[in-house]
Amino acid sequence: GFHLLFSRFNAANTTELINHAFSLYPDVITAETACGSDALGVYATDVMPSRKEICAARNSFITHQSRLKGRSLQRLLMQINRMQLQVAEQNLADMRQSIRCHAGSGYLYFAPNGVVRDCSVAGRELGNLREWNYDLYSLLRSYPARRIRREVRRSGCFCTMTELAFCNLLLSARGYLALTASVL
């Protein structure tokens, strides 16, 4: 399979990139829009294409993807990716999270130095496992971690990362039901 990443660096060539990837007839092709990562020191303005470019790439990708037949698991993966792209596009259009974000509770990011973050994009630090004697349970119940989870619930942040959209889809009743209905 292939995973396509649409960024401002390849935005002018996304149709060509998509055509080439699909011409190789892989079992699965997924796609996402590049966004910044505070944890990596890359900001959205550095890599993210414009909303117009994102919409054009998504529409081209979905058109190609809908032509694929695939077996049941492949169809499920295609539908998941289609929904992820739609959530990411909606987030960008509204400039807010369209499905509740579960950063810090539904998923975590662990750095090699022991730092635990709520999200790879926002990169809010919940604590360091080394300072908590590698007791993740205690770290997650700490005041700083609880404060960050409250901040996530109240925040106006949003992202276009498909992996995060997938987690948020599965962890929200509305997203889970929509995904289930689309596959039946």
Next on the checklist: Could you go through Thr30 and Phe2, starting from their C-alpha distance and side-chain angles, then the distance that decides it, and tell me whether this counts as side-chain contact (heavy atoms from CB on, under 4.5 Å)?
Outcome noted: CA-CA 6 Å; Thr30 58; Phe2 292 105; over 6 Å; no
Next on the checklist: Pair Asp135, Leu139 - check side-chain contact (heavy atoms from CB on, under 4.5 Å), show working.
Outcome noted: CA-CA 6 Å; Asp135 183 357; Leu139 185 150; over 6 Å; no
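For Asn10 (side chain) and Phe6 (main-chain N/O), no donor-acceptor pair under 3.5 Å exists by modelled atom type. Asn113 places a side-chain N or O within donor-acceptor distance of the main-chain N or O of Val115, the cut-off being under 3.5 Å. Within the 3.5 Å criterion, the main-chain N or O of Ala103 finds no donor-acceptor partner in the side chain of Asp118. Side-chain atoms of Asn13 do not come within 3.5 Å of backbone N or O of Glu16 as any donor-acceptor pair. Put simply, the side chain of Asn168 gets close to the backbone of His102: a donor and an acceptor are under 3.5 Å apart.
Note that CZ of Arg141 and CH2 of Trp132 are 10.5 Å apart. Values are rounded to the nearest 0.5 Å. Rounded to the nearest 0.5 Å, atoms CZ (Arg150) and OH (Tyr143) are 5.5 Å apart. From Asn59, atom CG reaches atom NE2 of His64 across 12.5 Å, with rounding to the nearest 0.5 Å. In this structure, NE2 on His3 lies 11.5 Å from CD1 on Ile29, to the nearest 0.5 angstrom. Expressed to the nearest 0.5 Å, how far CZ of Arg153 lies from CD1 of Ile148 amounts to 12.0 Å. To the nearest 0.5 angstrom, Arg8 atom CZ is 10.0 Å from Glu53 atom CD.
Tyr137 and Tyr134 are assigned to two separate hydrophobic clusters, defined by single-linkage of ILVMFWY side chains at heavy-atom distances under 4.5 Å.
Nearest heavy atom pair, residue Pro144 against residue Leu126, reads CB-O, 4.1 Å. Closest approach of Pro26 and Ala21 over heavy atoms only: CD-O, 3.4 Å. Here the closest non-hydrogen pair linking Ser105 and Arg149 is CB-CD, 3.7 Å. Of all non-hydrogen atoms in Ile99 and Ser172, the two that sit nearest each other are CG2-OG, 3.3 Å. Nearest heavy atom pair, residue Gly104 against residue Leu140, reads O-CD2, 4.5 Å. The nearest pair of heavy atoms linking Arg124 to Glu151 is CD-OE2, 3.2 Å.
Applying the side-chain contact (heavy atoms from CB on, under 4.5 Å) rule to Phe110 yields the partners Leu108, Val116, Leu129, Leu136; only residues at least two apart in sequence or on another chain are considered. Qualifying side-chain contact (heavy atoms from CB on, under 4.5 Å) partners for Leu5, counting only residues two or more places apart in sequence or in other chains: Glu32, Ala34.
Residues Thr14 and Ser60 are not in side-chain contact: their nearest non-hydrogen atoms beyond the backbone lie 4.5 Å or more apart.
Within the 6.0 Å centre-distance limit, the rings of Phe61 and Phe22 are counted as a close aromatic pair.
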